[in-house]
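Counting begins at 1 with the first residue of the sequence.
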Amino acid sequence: MRHDDQPIALGGDRRRATLGLLLLNANQGVATSKLLEGLWNTEETPATARKILQNAVRGLRVMFAQHARAGIRVPALLTRSHGYQLQVDPEQIDMFRFHRMAQAGRAELAAGRPGTAAHLLRDALALWRGRALADLVEAGHSWAELTALQNARLDVREDYFEAELANGRHQAVFGELEAMVEAEPLRERACQQLMLALYRSGRQADALAVYRRVRLRLAEQLGLEPGPELQMLQHAILVHDPSLAAPARPARPVMITGLGRETESRRRPALRPVQLVPPAAPGGRSRVSAVLVRADFGAGSRVTDVGEALERTATTVREEVERLGGVVAGLTGSVMLALFKPASPQEDGTDQAAGRAVRAAMSLRQRICFDLPDEERPALRMAVSTGEIPVRPGAKVLEPLPVNGALLVDCESLLQFAEDTEIVVCDRTRKLTGSAVRYGREGGLRPRWTVKGWFRDPFAHPEVFDREPELGVLSSLLERVRRRARPHLVLVLGAPGIGKTPLLDAFERRVENAATVRLDPLGPLTTPNVTELAEHRPLVVFADDLHLADNAVLETVEDLLNPPDPMPLLVVAAARPELFRRHPGWGARQRHASRMTLEPVTLDPLAGAAEESGLLRLCHAAG
């Protein structure tokens, strides 16, 4: 209770509990027996309980009279035949205001106006200052009315999340959703909303992990399966149902200032302000490439301080972006935005900015994904989009450029398609950089262009496929399998484009006096007859791109390594490190297993010097 914005001392626990129970049933009669039961447990009710209750009521009446003032309705505590009734203006109690605003917000939501609904529901939730009657709860009072009020608050929070998701603001409510699901893991509607927000943020695996957790809890605690709505959402995520996409929001032009490079070194990235500006006056257009980076530290990470790890990642992003002439223009949690604009008027209209953007993304993937131990690195996804922006007539190259919101929306859409360690680019970026960057077309329900590596520069040193040490290790393991008739697994790990597939191909050509079988992780699951193939000679099973395989294929590979009888079997599998993001313990059950991590091939410096010398003589002779 407050009077002139000052709190009123209510007295002891019995008086506060009496007022609290009457307020929860305001303008309704409350039986004396119910008040006594609310103040004491049945076994603990003293003989003087009714007298104590009467004293508490008398004290409340005195307090109301002392703080009465003209023009304001004073609460009236009346005696009824069966108990007491507190008559009070509902607008003086925030609980009634909360219910009224929540009802109005739900009506707007049902009418298809999520924007207004979110505003009303947010204002209703803003009335809360923690748990209702928290001091009485801490004193041991537990009433059905309090439980109902707390559940009503949770229901309104879910309504608010639904309205914001309908507005396409899944990023805005993401943190609150995670906190609510953590506190209320059995509320299926909140879990469903969190799954949808994760999916729209490009985190499909995390969305499915939420489903697995709630299903496990329901089965263990209640012996139930998730409801039909949650099951339907899980199926829609698995098939990438287009209806799950976030609703389109109108793009507004924004001004991203400070596109010049900074020379001072800071631990935390310096963020440039983003200002809304009207459309630029008619003039020329300039080409700009945007890189959207998302780094997530999931449940499999051993990072203890996620905030510090995100700060290190942001510092790495800033270093690489600015090294290549770009600027970090925005940072929100685990998402970072970098922009690359023409460095000079001569560069405008060329592929230089797009090339630097893709090069920065590839450098970041190497530093963040492959230069760190698996348990310390985040799940990294990147998207590169290129578009044209209007420029005022006579504007200088280093002046701030108005970036159309459509470019940022395009980047966000691409990022939803990316998987761990993937760099997804728009079609325009691919065409601008296609002569230098090697791209692959990923199929499935979400076709996309991803960066695979660099094409060989015609004036650069020729790359030599020198994997003799690795081939020697594989040959030694095959000989060991041949002699001991014991299955063995070799898992070849490495970054995209580092040469895992060529290594498997080269070893397959080198295998002699042994049968070979290829498993297709993406094709129909077929299990070779291992016993027949390995009856007279060793068997080598090759499995490439194992990080793309589903659970059935991974289980099949493990089953091959546990035959009922000893046999000479070597399984050589290639995968990216993100395999252990999905299955941290895969292969750990195998007693005889090896990991081979590929590093970039270092060329012979003497051979390179000789080729460079010959090229210089040729150029000199040609003038």
- [ ] Inspect the contact between Arg367 and Glu319 and indicate whether a charged nitrogen and a carboxylate oxygen are less than 4.0 angstrom apart.
- [x] yes

Open item on the list: Any heavy-atom pair between the side chains of Ile237 and Met195 that's under 4.5 Å?
Closed with: yes

- [ ] Decide yes or no for Val540 and Phe507: does some side-chain heavy atom of the first lie under 4.5 Å from some side-chain heavy atom of the second?
- [x] yes

TODO: Run the numbers on Leu539 and Val541 for side chain to side chain contact (heavy atoms under 4.5 Å, CB included), then give the verdict.
DONE: CA-CA 6 Å; Leu539 173 64; Val541 177; 4.0 Å; yes

Task: Donor-acceptor under 3.5 Å (Glu322 side chain, Val327 main chain) - done: no

Task: Side chain His547, main chain Arg576, donor-acceptor under 3.5 Å - done: yes

TODO: Answer whether the closest heavy-atom distance between the side chains of Leu493 and Leu491 falls below 4.5 Å.
DONE: yes

TODO: Please name all residues satisfying side-chain contact (heavy atoms from CB on, under 4.5 Å) with Arg215, sequence neighbours left out, ordered by chain then number.
DONE: Tyr211, Glu225, Pro226

Open item on the list: Quick check: closest heavy atoms across Gln171 and Ser201, and the distance to 0.1 Å?
Closed with: NE2-OG, 3.4 Å

Open item on the list: side chain to side chain contact (heavy atoms under 4.5 Å, CB included), that's the test. Do Arg441 and Trp449 meet it? Break it down for me.
Closed with: CA-CA 5 Å; Arg441 183 67 169 173; Trp449 290 105; 3.0 Å; yes

Task: Qualifying residues under side-chain hydrogen bond (donor to acceptor under 3.5 Å, both in side chains), relative to Arg483, sequence neighbours excluded - done: Glu479

- [ ] Looking only at non-hydrogen atoms, find the nearest pair between Phe340 and Ala360 and report the distance.
- [x] CZ-CB, 3.6 Å

Task: Nearest heavy atoms of Val384 and Val291, plus distance in Å - done: CG2-CG2, 4.1 Å

Task: Residue list, side-chain hydrogen bond (donor to acceptor under 3.5 Å, both in side chains) with Ser475, at least two apart or on another chain - done: none

TODO: Determine whether Val293 and Val335 make a side-chain contact, defined as any pair of heavy atoms from C-beta on separated by less than 4.5 Å.
DONE: no

Open item on the list: For Arg484, I'd like to know if atom CZ has over 12 heavy atoms of other residues, nucleotides or ligands within 6.0 Å.
Closed with: no

Open item on the list: salt bridge (charged side-chain N to carboxylate O under 4.0 Å, His left out) for Glu412 and Arg381? Distances and angles first, verdict last.
Closed with: CA-CA 11 Å; Glu412 184 178 7; Arg381 304 172 179 88; over 6 Å; no

Task: Sidechain-backbone polar pair: Lys500 side chain, Leu598 backbone, donor-acceptor under 3.5 Å - done: no

TODO: Using side-chain hydrogen bond (donor to acceptor under 3.5 Å, both in side chains) as the criterion, list what pairs up with Arg294, not counting sequence neighbours.
DONE: Asp296

Open item on the list: I'd like to know if Asp505 and Arg510 make a salt bridge, using a cut-off of under 4.0 Å between side-chain N and carboxylate O.
Closed with: no

Task: Residues Arg203, Glu419; criterion salt bridge (charged side-chain N to carboxylate O under 4.0 Å, His left out); working and verdict - done: CA-CA 8 Å; Arg203 299 171 60 182; Glu419 296 182 358; over 6 Å; no

Open item on the list: Taking side-chain contact (heavy atoms from CB on, under 4.5 Å) as the definition, give me every residue that meets it alongside Ala197, ordered by chain and number, with sequence neighbours left out.
Closed with: Leu165, His170, Phe174, Leu177

- [ ] Could you list the residues that satisfy side-chain hydrogen bond (donor to acceptor under 3.5 Å, both in side chains) with Gln192, not counting sequence neighbours?
- [x] none

Open item on the list: Does any part of the side chain of Leu504, heavy atoms only, come nearer than 4.5 Å to the side chain of Arg518, both counted from C-beta?
Closed with: yes

TODO: Please examine the side chains of Ser594 and Leu489, heavy atoms only from C-beta on, and report whether any two atoms are closer than 4.5 Å.
DONE: no

Open item on the list: For Tyr439, does the six-membered ring have the charged nitrogen or CZ of Arg430 within the cation-pi criterion, i.e. under 6.0 angstrom from the centroid and within 45° of the normal?
Closed with: no

TODO: Without swapping roles, check the side chain of Asp420 against the backbone of Leu380 for a donor-acceptor pair under 3.5 Å.
DONE: yes

Task: For the student: nearest non-hydrogen atoms of Ala383 and Leu415, plus distance - done: CB-N, 3.7 Å

Open item on the list: Go through it in stages, so that I can follow the logic: the residues are Glu422 and Thr450, the test is side-chain hydrogen bond (donor to acceptor under 3.5 Å, both in side chains), and I'd like the CA-CA distance, side-chain angles, deciding distance and then a yes or no.
Closed with: CA-CA 6 Å; Glu422 275 191 350; Thr450 61; 5.0 Å; no

Task: Over all atoms of both residues, closest heavy-atom pair of Ala290 and Leu339 - done: CB-CD2, 3.7 Å

Task: Ionic contact status for Arg323 with Glu320, cut-off 4.0 Å - done: yes

- [ ] Please test Val511 against Leu478 for side chain to side chain contact (heavy atoms under 4.5 Å, CB included), starting from the C-alpha separation and ending with a verdict.
- [x] CA-CA 9 Å; Val511 170; Leu478 178 57; 4.3 Å; yes

TODO: Specify the closest pair of heavy atoms between Cys426 and Thr386, including all atoms of both residues, with the distance to one decimal.
DONE: SG-N, 3.4 Å

